[in-house]
Q: 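Pasting a structure below so you can have a look.
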Amino acid sequence: MSKIRVYELAKLLGKSNKELLDILIDLGVDVKSHMSSIDNDIAQLVEESLRGASGTEGPGKKEEERSVIKTDSYEVSKGSTVKAVAQLIGISPAEAVKCLISAGLMVPADSPVDEKSLKVLQDAYNVVLTMACEDDAENEGADGTCTVIKRPRFHGDHMEPRPPIVTVMGHVDHGKTTLLDFIRKTNITAREAGGITQHIGASTVMHEGKEIVFLDTPGHEAFTSMRARGAQATDIAILVVAADDGVMPQTREAINHAKAAGVPIIVAINKVDKPAAKPDRVRQQLSDVGLAPEEWGGNTIMVEVSAKSGQGMPQLLEMILLVAEIEELKADPTVKPRGVVVEAKLDKGKGPVATVLVQEGTLCKGDILLFDSACGKIRAMIDSEGKMIDCAGPSTPVEILGLATVPQPGEVFTSVENERIARDALSSREQDLRNAQQGGPRKLSLEDLYSQL
Ligand code: GDP
Ligand code: MG
């Protein structure tokens with residue numbers, strides 16, 4: 001009798017793995033996880049029972065929950081024209097002007113909006129419009145008008161699903177770079193457009209319509225520097241093990257880092273195209289260090305791949321999405337932006353540039369950021385496909401320009417009201433650090449430094 005895996009059936013039926021597991025358990029089927037196999041006739045039974053029950057609960061309720069979140073709210077920078085605001089809320093400039101006239105306000109389409117006219121438009125079109133950035137000369141376009149930045153207003157309490165952030169780990173020469181290159185090459189849309197994408201240290205790739213974010217920083221480095229600062233940027237670790245070499249010292253180290261951080265591991269048994277490949281030997285060695293493969297009744301997902309030929313790569317990406325779904329990764333795009341530095345350097349032409357990962361909230365051009373050791377105002381933002389963007393939500397890697405100094409990888413940041421607050425916070429941190437150094441009899445360890453930043 002043919003069988004089907006729980007996650008495959010879930011996908012076919014448009015259910016989450018968790019929903020489907022609940023249904024199966026209710027039906028008395030013996031299933032352990034999304035990887036469990038069930039007979040096809042049971043699958044059919046589930047499908048029929050779902051068809052019978054459709055429309056009674058579930059979907060309807062979800063729709064309702066979602067509609068509450070739907071109120072659009074925008075921040076409008078000072079000096080934005082009526083025309084720009086009209087565009088933002090999806091009406092014609094003429095309609096906006098008419099609306100203002102009917103409220104007794106004579107404002108031409110090319111004039112800047114004031115608080116009063118914003119309020120009129122807000123009430124008429126059922127959106128939330130707020131005026132932002134007092135001193136924003138930098139947001140001015142060439143014609144002297146300000147750009148309108150579309151961002152959710154800070155209100156919080158709007159958790160939304162976010163893409164998983166993945167780090168690739170493993171022993172040297174086992175194929176980490178080749179694997180990342182293959183995934184990027186085949187899944188980044190901008191490449192197809194012919195542009196040579198600039199490399200920012202992280203990339204967002206698409207698989208089956210869903211986004212996955214890959215960090216380029218080798219896993220163990222990212223883990224240690226970020227964890228020392230109390231930040232964690234990784235949701236899933238891909239452990240690359242070469243099938244012709246097996247578990248090596250850095251493989252074990254990587255496992256320990258991921259375990260200490262509580263990050264789920266997916267094993268990519270790589271180089272299976274090689275004649276000397278022994279994937280089962282790798283499974284055995286991993287079982288011996290506490291990672292038993294699911295196909296042997298354990299809990300670790302293992303996928304045989306060749307980063308060179310691409311064999312097994314779609315399955316690996318599918319497993320990443322599967323684990324991400326089980327983890328139920330969520331973030332709130334409407335809270336104050338917060339995130340972590342992935343890479344940073346001083347560029348001769350551009351000055352300090354930092355690739356950051358937004359973890360909560362929505363980061364926008366013009367925001368003032370305070371890092372552990374640096375601060376500055378975002379002058380421009382570039383996404384992993386090299387496009388200039390105005391705003392970036394949770395799980396988006398972006399390169400930012402405009403900082404005064406270069407922050408360190410692993411530093412966290414938040415946005416603050418103005419540059420004075422940022423500078424004051426930095427100088428008081430520096431003072432604390434100096435005091436501690438003078439007072440302390442022993443030399444400070446790196447850990448001490450981090451804890452004081
Ligand atoms: P890293 O040190 O983990 O980043 O490993 P690299 O990606 O630099 O790969 C080390 C070597 O293994 C390179 O010569 C790659 O071409 C080769 N390699 C990587 N993946 C595969 C694979 O799937 N099959 C084969 N045959 N060679 C591979
Ligand atoms: Mg490498």
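A quick note: this is a predicted structure, and the numbers were derived from the prediction, not measured.
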Q: Are the side chains of Ile4 and Ile38 in touch, meaning some heavy atoms are under 4.5 Å apart?
A: yes

Q: Could you give the distance from OG1 (Thr234) to CD1 (Ile238), rounded to the nearest 0.5 Å?
A: 10.5 Å

Q: Can you find a pair of side-chain heavy atoms, one from Val272 and one from Gln311, that are under 4.5 Å apart?
A: yes

Q: For Ala243 versus Ile269, what's the shortest heavy-atom pair and its separation?
A: CB-CG2, 3.8 Å

Q: Return the set of residues passing side-chain contact (heavy atoms from CB on, under 4.5 Å) with Leu27 (not counting sequence neighbours), or none when no residue passes.
A: Ile23, Val29, Val46

Q: With a 6.0 Å cut-off (strictly less than), is the heavy-atom count around CD of Glu95, excluding the residue itself, greater than 12?
A: yes

Q: State, yes or no, whether a side-chain contact exists between Leu317 and Ile183 at a heavy-atom distance under 4.5 Å.
A: yes

Q: If you compare all heavy atoms of Pro93 against all heavy atoms of Lys83, which two are closest, and at what distance to 0.1 Å?
A: CG-CG, 3.6 Å

Q: Going by side-chain contact (heavy atoms from CB on, under 4.5 Å), name the residues that satisfy it together with Leu426, two or more places apart in sequence or in a different chain.
A: Leu370, Cys375, Arg429

Q: May I have all residue pairs that pass ring-ring contact (aromatic ring centres under 6.0 Å, His included) and include part of residues 354-403, sequence neighbours excluded?
A: Phe371-Phe413

Q: Who are the ring-ring contact (aromatic ring centres under 6.0 Å, His included) partners of His171, not counting sequence neighbours?
A: His174

Q: Counting heavy atoms not belonging to Asn299, are there more than 12 under 6.0 Å from its CG?
A: no

Q: Hey, is the main chain of Glu253 close enough, under 3.5 Å, to the side chain of Asn256 for a donor-acceptor pair?
A: no

Q: Apply side-chain contact (heavy atoms from CB on, under 4.5 Å) to Asn270 and Val241, showing your working.
A: CA-CA 6 Å; Asn270 191 30; Val241 187; over 6 Å; no

Q: How long is the straight-line distance from CG of Leu239 back to CE of Met302, given to the nearest 0.5 Å?
A: 8.5 Å

Q: If only atom types and distance count, is the side chain of Asp39 paired as donor or acceptor with the main-chain N or O of Ile42 below 3.5 Å?
A: no

Q: Might you point out which heavy atoms bring Val85 and Leu121 nearest each other, and give the distance in Å?
A: CG1-CD1, 4.0 Å

Q: Ignoring hydrogens and geometry, is there a side-chain-to-backbone donor-acceptor pair from Glu325 to Leu322 under 3.5 Å?
A: no

Q: Just jot down the salt bridge (charged side-chain N to carboxylate O under 4.0 Å, His left out) partners of Asp22, sequence neighbours excluded, or say none.
A: none

Q: Looking only at heavy atoms, which two atoms of Leu363 and Met381 are closest? And how far apart?
A: O-CE, 3.4 Å

Q: Can you list the steps and then say if Lys350 with Glu399 is a side-chain contact (heavy atoms from CB on, under 4.5 Å)?
A: CA-CA 11 Å; Lys350 299 187 246 177; Glu399 186 179 84; 3.7 Å; yes

Q: How close do Glu360 and Asp332 get, heavy atom to heavy atom, and via which atoms?
A: OE1-N, 2.9 Å

Q: Indicate whether the side chain of Ser203 and that of Ser384 have a donor and an acceptor atom separated by less than 3.5 Å.
A: no

Q: Got a second to check how far Ile368's CD1 is from Leu403's CG, nearest 0.5 Å?
A: 12.0 Å

Q: Can you tell me if CG on Asp30 sees more than 12 non-hydrogen neighbours from other groups inside 6.0 Å?
A: no

Q: Who are the salt bridge (charged side-chain N to carboxylate O under 4.0 Å, His left out) partners of Asp181, not counting sequence neighbours?
A: Arg184

Q: To the nearest 0.5 Å, what is the distance between CD on Glu47 and CG on Leu12?
A: 8.0 Å

Q: Could you check whether any side-chain N or O of Thr362 sits under 3.5 Å from a backbone N or O of Pro333, counting only pairs where one atom can act as donor and the other as acceptor?
A: yes

Q: Run the side-chain contact (heavy atoms from CB on, under 4.5 Å) check on Ile212 and Ile165 step by step: do they pass?
A: CA-CA 6 Å; Ile212 306 172; Ile165 297 156; over 6 Å; no

Q: Sequence neighbours excluded, which residues qualify as side-chain hydrogen bond (donor to acceptor under 3.5 Å, both in side chains) partners of Lys274?
A: Asp244

Q: For Glu318, give me all partners under side-chain contact (heavy atoms from CB on, under 4.5 Å), at least two apart in sequence or on another chain.
A: Tyr7, Lys11, His207, Glu208

Q: Do Ile301 and Val303 have side-chain heavy atoms sitting under 4.5 Å apart?
A: yes

Q: Counting C-beta onward and ignoring hydrogens, is there a side-chain heavy-atom pair between Val267 and Leu286 closer than 4.5 Å?
A: yes

Q: Any side-chain heavy atom of Ile378 sitting closer than 4.5 Å to one from Leu401?
A: no

Q: Going by the rule salt bridge (charged side-chain N to carboxylate O under 4.0 Å, His left out), which residues pair with Arg162 if we only count those two or more places apart in sequence or in a different chain?
A: Asp235

Q: In chain order, what residues pass the salt bridge (charged side-chain N to carboxylate O under 4.0 Å, His left out) check against Lys18, with sequence neighbours excluded?
A: none

Q: Just by modelled atom types, is the Gly170 backbone N or O under 3.5 Å from a matching donor or acceptor in the Lys176 side chain?
A: yes

Q: Could you report the tightest heavy-atom contact between Thr251 and Gly246, atom names first, then the distance?
A: OG1-O, 4.3 Å

Q: Starting at NZ of Lys278, measure out to CD of Gln284 and round the result to the nearest 0.5 Å.
A: 14.0 Å

Q: Restricting to pairs with a member in residues 282-295, which pass salt bridge (Lys or Arg N to Asp or Glu O under 4.0 Å), not counting sequence neighbours?
A: Asp280-Arg283, Arg283-Glu295, Arg283-Glu304

Q: Give a yes-or-no answer on whether the side chains of Gln408 and Ser373 include a donor-acceptor pair shorter than 3.5 Å.
A: no

Q: Strictly distance-based, threshold 3.5 Å: is any side-chain N or O of Asp383 a donor or acceptor partner for the main-chain N or O of Lys387?
A: yes

Q: Counting only N and O atoms by type, is there a donor-acceptor contact under 3.5 Å from the side chain of Lys336 to the main-chain atoms of Ser415?
A: yes

Q: State the CD-CG distance between Glu211 and Leu321, to the nearest 0.5 angstrom.
A: 10.5 Å

Q: Looking at Ser36 and Val31, would you say the former's side chain and the latter's main chain have a donor-acceptor pair under 3.5 Å?
A: no

Q: Could you check whether any side-chain heavy atom of Thr355 comes within less than 4.5 Å of a side-chain heavy atom of Val341, counting everything from C-beta outward?
A: no

Q: Do Val6 and Leu21 pass the side-chain contact (heavy atoms from CB on, under 4.5 Å) test, and can you show the C-alpha distance, the side-chain angles, and the key distance before you say yes or no?
A: CA-CA 7 Å; Val6 170; Leu21 280 171; 4.0 Å; yes

Q: Kindly indicate whether the side chain of Asp216, heavy atoms from C-beta on, has any atom under 4.5 Å from the side chain of Val168.
A: no

Q: How would you list, by chain and number, every residue that makes a side-chain contact (heavy atoms from CB on, under 4.5 Å) with Ala324, sequence neighbours excluded?
A: Pro164, Ile236, Leu329

